[in-house]
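Have a look at this one before I ask anything.
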Amino acid sequence: MLIRDACLGNLCKLLEMRWTQTFIPTLKETPAEAEITSHKLLLRAGLARRLAGGLYTFLPLGLRVLRKIEAIIREEMNRAGALEVAMPCLQPPEIWQKSGRYQDMSEVLYHVYDRAKKEWLLGPTHEENITVLVASEINSYRQLPKNFYQITVKFRDEIRPRFGLMRAREFVMKDAYSFDVDERSAEVSYQKMYDAYVRIFERCGLRTIAVEAHTGAIGGSFSHEFMVPAESGENEIAFCESGKYAANVEKAVSQGPLIPTPTASTGASPEKFPTPGVLTIEALAQPPYNVPAHHQIKTLVYIVESKPVVLLLRGDDQLNEAKLAGALGTVLLRPATPEEIYELLGAHPGSLGAVGVTHVPVYADLALRGAAGMTTGANQDGFHLRHVDIARDIKVTRWLDLRTVKAGELCLATGLPLKISRAIEVGHIFKLGTKYSEKLGAVFLDEQGRPRPAVMGCYGIGVTRTLQAIIEQSNDKDGIIWPMSVAPYTVCITPLDVTPGGRIMSIAEQIYRQLIESGVDAILDDRDERPGVKFKDSELVGFPIRVAVGEKSLANEQVEIKPRAGQLMLVHKTEAVNRVLELIKRAN
RNA sequence: CGGAGCGUAGCUCAGCUUGGUAGAGCACCAGCUUUGGGAGCUGGCUGUCGCAGGUUCAAAUCCUGUCGCUCCGACCA
């Protein structure tokens with residue numbers, strides 16, 4: 001990447017950089033703290049160091065990458081018409097109480113107290129903050145639409161920080177908030193961000209898939225996540241090969257189970273039979289019972305906003321908690337304890353069923369519609385019921401989509417089999433609606449002079465996570481392979497003999513200086529090290545282009561250009577600069 | 001929050017079962033040699049054995065507590 005093209009203001013002052021003058025503490029061995037590839041390489045390449053769990057110090061090289069990613073984000077956000085602001089990290093709890101998220105997000109909030117013992121929060125996100133600003137500053141439809149963004153540190157008390165920067169207590173996030181006069185206009189704002197995100201991740205050299213997503217604690221009507229497919233990802237996505245459908249598994253739907261649900265009634269009434277020691281679907285599928293899982297009804301008990309509900313799924317299906325939360329419009333839910341279950345149904349987990357249950361709401365998964373001849377728990381420890389016809393024998397309060405889709409099920413849109421893959425979430429865009437504007441008073445007067453709440457959207461990018469996701473997606477056995485756009489330096493000049501004034505060093509310095517003057521972000525490895533050490537380090541750190549100057553090739557007046565992920569090229573020493581410039585140009 | 005594993009030199013680890021003067025490799029420093037893929041030799045530096053308490057003549061080692069790190073789980077009844 002040419003520096004002047006990238007508009008990296010501050011970097012321009014650091015044109016000249018020699019390896020011995022900066023700080024690149026590479027590691028030959030992997031620190032024990034790292035488990036996944038990108039985390040190992042983050043540490044080994046000398047990009048960052050851990051201070052405590054989920055807290056990292058960025059070293060000069062890592063910071064350069066971070067700044068380049070931020071620069072790309074700024075350019076694309078500005079291009080999309082968003083306005084940069086900077087909001088405080090420290091926030092008053094009152095606005096969180098107003099929005100209701102003081103409770104809803106209590107688990108991730110960091111609380112701090114001042115001298116007067118007054119409570120403050122370290123911001124995990126800034127919807128409240130920006131909405132309060134807009135509430136006081138924006139009064140007319142003439143001032144809309146607006147989209148404010150910032151790139152700042154966020155704090156979240158994660159249940160389990162892990163994988164280095166992937167899930168940290170403190171991390172850099174780009175967050176943007178749009179305010180519109182109506183739904184239609186909000187959708188335009190949303191689409192602009194969608195397009196900006198596609199460009200941002202493309203420019204960062206990341207392959208992402210935009211998937212339909214669950215809205216979670218942020219709230220709102222619909223959303224897309226930008227996912228980087230990776231084995232180490234913490235999310236699962238389902239997608240159709242056609243590219244026409246992709247969704248987070250928390251949200252994904254299909255044509256239904258591959259094996260149809262039995263719907264032929266045996267005609268018989270429910271019959272209780274003893275099943276001593278049988279506590280799982282799997283056990284009931286084994287001899288002597290031999291009830292296939294899809295002939296069983298799985299019965300779960302959840303506590304939703306302090307009240308119990310019974311959930312029914314096919315025996316071979318998995319409950320999708322996100323769908324349940326979405327369908328019931330709350331995030332305050334948890335599995336009931338065995339004690340609560342016993343009190344409610346008179347039996348312990350493993351023997352539960354919904355036949356005859358009328359004192360608790362019963363929510364059944366759509367795959368069970370019309371199910372007949374099923375087997376389920378009898379609400380008596382050690383017994384099950386067979387010949388259960390759900391329409392006849394169970395009072396279903398509501399039918400809901402509660403099951404998790406499985407790989408191979410058919411896509412609703414195309415009829416092709418769905419694939420499931422793990423993925424890293426690097427960006428998330430939400431259409432929020434008026435949830436925050438109503439609660440926090442972001443109201444403007446429309447053309448008729450009527451007060452209306454602004455229609456909001458919010459848009460996040462995990463900047464530090466994106467950095468590590470790039471490493472996770474782009475590496476080989478030797479180290480990182482940085483895309484040119486975000487590499488800490490684009491070119492590494494590697495003289496194999498650093499004797500000052502010597503022929504090799506002189507030629508290396510000449511090439512180096514010419515590249516710098518051409519606006520190329522280059523570093524000169526002036527360390528008095530053996531060639532093997534320099535080669536290994538440059539590959540570990542992952543500079544996109546290495547120019548080696550050594551005795552061997554110089555015998556033919558040549559130097560070596562080695563793209564990190566490409567073939568070695570021998571070129572005449574006077575051609576080196578031009579060839580490097582060509583390579584850079586071609587990559588842009 | 002539940003479960004498991006691990007805390008010994010800057011890094012990777014051995015030593016712990018069976019208590020008895022703190023170890024190796026890498027890194028670092030000095031010197032010589034080497035010089036196109038993480039060099040070789042010689043010499044040297046480096047430790048509250050995570051912390052606190054206990055048992056013991058004696059604790060890195062055994063016991064208790066505690067803190068930290070890593071992994072799994074915290075839907076699938």
Side-chain angles (χ1 to χ4, degrees), chain A residues 25-36 39-40 43-44 46 49-55 107 157 159-164 167 232 234 249-250 275 278-284 293 296-303 310-325 333-342 344-345 347-354 365 376-379 381 384 402-404 406 478-479 494-499 502 504 527-541 546 548-555 559-560 562 568 570:
Chain A
T26 57
L27 301 172
K28 220 186 285 190
E29 292 179 285
T30 303
E33 70 189 70
E35 201 66 26
I36 65 172
H39 188 191
K40 290 176 184 169
L43 299 170
R44 286 193 56 211
R49 286 291 184 265
R50 189 181 68 85
L51 173 66
L55 298 173
E107 290 192 344
D157 189 0
I159 296 175
R160 182 145 84 93
R162 56 173 157 182
F163 301 149
R167 185 167 291 281
S232 60
E234 296 186 279
V249 163
E250 292 186 339
T275 50
V278 171
L279 293 174
T280 61
I281 301 285
E282 175 61 17
L284 201 56
Q296 299 185 42
I297 301 174
K298 179 186 286 188
T299 308
L300 309 173
V301 180
Y302 262 68
I303 304 295
V310 170
L311 308 173
L312 304 182
L313 290 141
R314 227 173 72 165
D316 57 338
D317 276 339
Q318 313 283 316
L319 172 67
N320 190 321
E321 227 176 66
K323 285 186 179 178
L324 177 65
L333 50 84
R334 61 171 174 84
T337 64
E339 295 75 30
E340 289 168 331
I341 292 172
Y342 188 80
L344 188 75
L345 298 176
H348 289 99
S351 305
L352 306 178
D365 179 66
T376 187
N379 279 342
D381 288 349
H384 279 74
L402 296 175
R403 67 187 293 275
T404 305
K406 296 175 188 167
D478 295 314
T494 307
L496 300 182
D497 174 357
V498 295
T499 309
I504 291 171
R527 292 177 299 169
D528 186 10
E529 284 286 356
R530 300 167 66 84
V533 172
K534 295 181 155 195
F535 290 153
K536 287 287 184 195
D537 268 349
S538 76
E539 282 153 15
L540 175 60
V541 173
R546 177 176 68 214
V549 185
E551 206 174 336
K552 239 188 220 173
S553 46
L554 217 46
V559 300
E560 296 159 32
K562 172 71 175 71
L568 182 74
L570 282 168

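These numbers were taken from a predicted model, which means no experiment stands behind them. So that the names make sense, note that chain A is the first sequence line, chain B the second, and so on, each numbered from 1.
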**Asked** With both distances under 3.5 angstrom, what nucleotide forms a Watson-Crick or G-U wobble pair with B:rU64?
**Response** B:rA52

**Message:** What I want to check is whether an N or O donor and acceptor connect the side chain of A:Glu33 with the base of B:rG68 at under 3.5 Å.
**Reply:** no

**Message:** Nearest to the A:Pro31 side chain among B:rC11, B:rA77, B:rG37, which nucleotide is it?
**Reply:** B:rC11

**Message:** Quick check on B:rC72: is either OP1 or OP2 less than 4.0 Å from any side-chain nitrogen or oxygen of A:Arg160?
**Reply:** yes

**Message:** I'd like to know if A:Arg44 reaches the base of B:rG38 with its side chain, counting only an N/O donor and acceptor under 3.5 Å.
**Reply:** yes

**Message:** Strictly below 4.0 Å: does A:Arg50 bring a side-chain N or O up to OP1 or OP2 of B:rG68?
**Reply:** no

**Request:** Determine the minimum heavy-atom distance between A:Arg403 and A:Asp317, stating which atoms define it.
**Result:** NE-OD2, 2.7 Å

**Asked** Could one point to a donor on the side chain of A:Arg530 or the base of B:rU34 with an acceptor on the other under 3.5 Å away?
**Response** yes

**Asked** Does any donor-acceptor pair link the side chain of A:Arg546 with the base of B:rG37 at a separation under 3.5 Å?
**Response** yes

**C1' atoms of B:rG7 and B:rC45, separation to the nearest Å** = 24 Å

**Request:** Using the C1' atom as the reference point in each nucleotide, state the distance between B:rA27 and B:rU66 in Å, no decimals.
**Result:** 33 Å

**Message:** Check this for me: does the side-chain of A:Glu529 come within 3.5 Å of the base of B:rG38 through a donor and an acceptor?
**Reply:** no

**Whole-angstrom distance between B:rA30 and B:rC71, as gauged at atom C1'** = 44 Å

